[in-house]
Amino acid sequence: MSAPPGQPAGGAGRPLRAADTSRDNPWPVRALAQRMVEYIGKAPAAWVEGQIAQLSVRPGSNTAYLTLRDPAVEMSLSVSCPRQVIETLPSPPTDGARVVVHGKFDFWAARGSLSFRVDAMHPVGLGELLARLERLRKLLAAEGLTDPSRRRRLPFLPGLVGLITGRDSAAEHDVLVNARARWPAVRFAVKHTLVQGNQAAGQVIDALIELDADPAVEVIVIARGGGSVEDLLPFSDETLCRAVSACSTPVVSAVGHEPDHPILDDVVDLRCSTPTDAGKRIVPDVGAELALLSTLRDRARRALIGWVATESERLARWRSATVLADPFSPIERREFEVTGLRQRADRAIGTVLDRIERDLGHRKAQLGVLGPAATLARGYAVVQTGDASGPVLHSTAQAPAGTALRIRLADGAVGAVSHGAEPVHAIRVAASGSPPDAGGATDADAGAGTDAGAGTDAPSSSGRGTTRSAGRPKGRTSTRTRKENR
């Protein structure tokens, strides 16, 4: 098969494909145009909705040209249609009207231009338009952009108010006049934009971004007068609603009248029914604030006077109290009580000390009577063998004849020598008081007949024995042993 006329041939007589072209073997313009016509002609027809941005019907021409704009984003499409399609509509379309068209793309090879060729056009009815707005309202609500918790409180007295409205419009006049009537010192930064038509939403968005970027602007008001649903469509634009929800500055809407409710009212921080209402709500009323200030001043004055009077009465009661009239009487009474308590304490302590002193004297007397020294003073003696470190005698067997003895008396100690044990009958005679034998023992024999267990201060832990002189004549000594177990 040979290539079509005017087209370069590839290998084996087939048409040259785009991948086979090169700098030395390019396509001519007609080849590319022809392929574009074939390629675009294969695209199916489609229904498209948009907003008419520009409509041109030339006199004597059978073709109408218009630009179809997307209402949500900055995109447009060149559209051409037979004149009869426009003339068969119930009413001539105007800029800003929403339409639904049916057609397909057409590539005009002579000029290399692409357009959407329309064969049917239908205006979007009010019922359908409201249904679409309701779907958009639900979409924004599902995303949380209409949640009341997102709304911010307006400043009490904004230093600078941003106003977006139409030039020389009644809405601008209402906002400025009512706001300045309530607070004459309020300042405005006014941005004039279109408030109707297909370009209105874009201009409002640009003004909104500019005012939001100004740090001096503390609140932004979007105002427009009343109108039909179609007139207020720019304030239900999805892009505008999202731009308002993204603002860092509180936004107030004052669009239309009370029955009007564009979607913008759902995403702003404060909705006002009219521009007049917006002028009254963005600033406080200076007269009301002055009246409130006067009222608060009077209340503060009365409260202060009442408090001073109450404190004065309390101070007078304190000054007339007895404790302040004679402040030394309570001190003197306390002094008398303290003195009495001190005397009672002295007497109690003296009584305790006297009782303790008597008990101590009694204990000392008991110790004196029961102690070893008192026993020795009554005539008893302690006999030890050897020196003062020797053992105390407990038996005659411990002192055979010739044993050196140490006899401890009340006023000292004497040394002696044992002559051995006396017979038992001599001890009994001495105990009964009979006269001693003529051949009695000498002083040196005294230690031999003593009771080795006498004396309480003996180092032995066994039964104590004491020796007492029996009043024998010199040269004879007799002992009597007494056991005292205490």
Side-chain angles (χ1 to χ4, degrees), residues 49-51 53 69-76 96-98 124 126-154 161-166 169 171 175 191-214 217 219-275 277-278 281-282:
E49 178 190 356
Q51 194 174 36
R69 175 182 174 273
D70 191 290
V73 295
E74 289 295 332
M75 290 186 181
S76 60
R98 288 198 177 192
V124 176
L126 180 59
E128 184 179 359
L129 183 61
L130 293 178
R132 294 179 182 182
L133 293 180
E134 189 62 27
R135 288 196 295 269
L136 176 58
R137 198 186 305 272
K138 292 180 180 180
L139 174 63
L140 297 179
E143 296 179 8
L145 300 183
T146 61
D147 190 353
S149 62
R150 298 183 68 255
R151 297 176 181 174
R152 293 158 293 187
R153 184 185 298 273
L154 269 62
V161 179
L163 176 60
I164 302 175
T165 185
S169 62
V175 173
K191 298 294 181 181
H192 295 113
T193 64
L194 293 177
V195 292
Q196 182 176 338
N198 58 341
Q199 297 181 357
Q203 293 187 12
V204 172
I205 293 173
D206 294 339
L208 180 69
I209 295 174
E210 182 179 354
L211 291 175
D212 186 45
D214 188 353
V217 176
V219 63
I220 301 174
V221 180
I222 302 176
R224 186 203 188 280
S228 63
V229 176
E230 292 82 358
D231 294 339
L232 301 181
L233 280 179
F235 300 97
S236 295
D237 185 83
E238 180 179 359
T239 306
L240 175 60
C241 294
R242 294 186 181 277
V244 169
S245 64
C247 280
S248 59
T249 307
V251 180
V252 178
S253 68
V255 178
H257 300 298
E258 180 63 32
D260 299 325
H261 188 64
I263 300 178
L264 177 66
D265 292 345
D266 296 335
V267 297
V268 294
D269 298 291
L270 176 64
R271 174 188 179 267
C272 297
S273 57
T274 61
D277 184 36
R281 299 181 67 176
I282 58 176

[X] [atom1] to [Y] [atom2] distance, which is reported to the nearest 0.5 Å:
{"X": "Leu145", "Y": "Arg137", "atom1": "CG", "atom2": "CZ", "value": "13.0 Å"}
{"X": "Ser245", "Y": "Asp147", "atom1": "OG", "atom2": "CG", "value": "12.0 Å"}
{"X": "Ile220", "Y": "Ser253", "atom1": "CD1", "atom2": "OG", "value": "12.5 Å"}
{"X": "Leu211", "Y": "Thr249", "atom1": "CG", "atom2": "OG1", "value": "8.5 Å"}
{"X": "Leu232", "Y": "Ile263", "atom1": "CG", "atom2": "CD1", "value": "11.5 Å"}
{"X": "Glu210", "Y": "Ile205", "atom1": "CD", "atom2": "CD1", "value": "14.0 Å"}

Checking [X] side chain against [Y] main chain: does a donor-acceptor pair fall under 3.5 Å?
{"X": "Ser236", "Y": "Pro262", "answer": "no"}
{"X": "Asp277", "Y": "Ala254", "answer": "no"}
{"X": "Thr165", "Y": "Ala223", "answer": "yes"}
{"X": "Arg242", "Y": "Val244", "answer": "no"}
{"X": "Arg281", "Y": "Leu270", "answer": "no"}

State which residues pass side-chain hydrogen bond (donor to acceptor under 3.5 Å, both in side chains) with Thr274; sequence neighbours excluded, sorted by chain then number.
->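 side-chain hydrogen bond (donor to acceptor under 3.5 Å, both in side chains) check on Thr274 returns nothing, list empty.
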Residues in side-chain hydrogen bond (donor to acceptor under 3.5 Å, both in side chains) with Asp269, at least two apart?
->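 Expected list: Arg152.
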Can you name the nearest heavy-atom pair linking [X] to [Y], along with the distance?
{"X": "Leu194", "Y": "Ala200", "answer": "O-CB, 3.3 Å"}
{"X": "Val217", "Y": "Val219", "answer": "CG1-O, 3.5 Å"}
{"X": "Ser169", "Y": "Gly166", "answer": "OG-O, 2.9 Å"}

Sequence neighbours excluded, every pair satisfying side chain to side chain donor-acceptor pair (under 3.5 Å) that has a member inside residues 199-209 |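 Side chain to side chain donor-acceptor pair (under 3.5 Å) check on residues 199-209 returns no pairs.
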[Y] and [X], any side-chain heavy atoms less than 4.5 Å apart:
{"X": "Arg135", "Y": "Lys138", "answer": "no"}
{"X": "Val195", "Y": "Phe235", "answer": "yes"}
{"X": "Leu240", "Y": "Pro234", "answer": "no"}
{"X": "Leu154", "Y": "Val252", "answer": "yes"}
{"X": "Asp266", "Y": "Leu140", "answer": "no"}

With Arg224, the side chain to side chain contact (heavy atoms under 4.5 Å, CB included) member among Val255, Ile164, Val204 |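 That would be Val255; it is the only one of Val255, Ile164, Val204 passing the side chain to side chain contact (heavy atoms under 4.5 Å, CB included) with Arg224.
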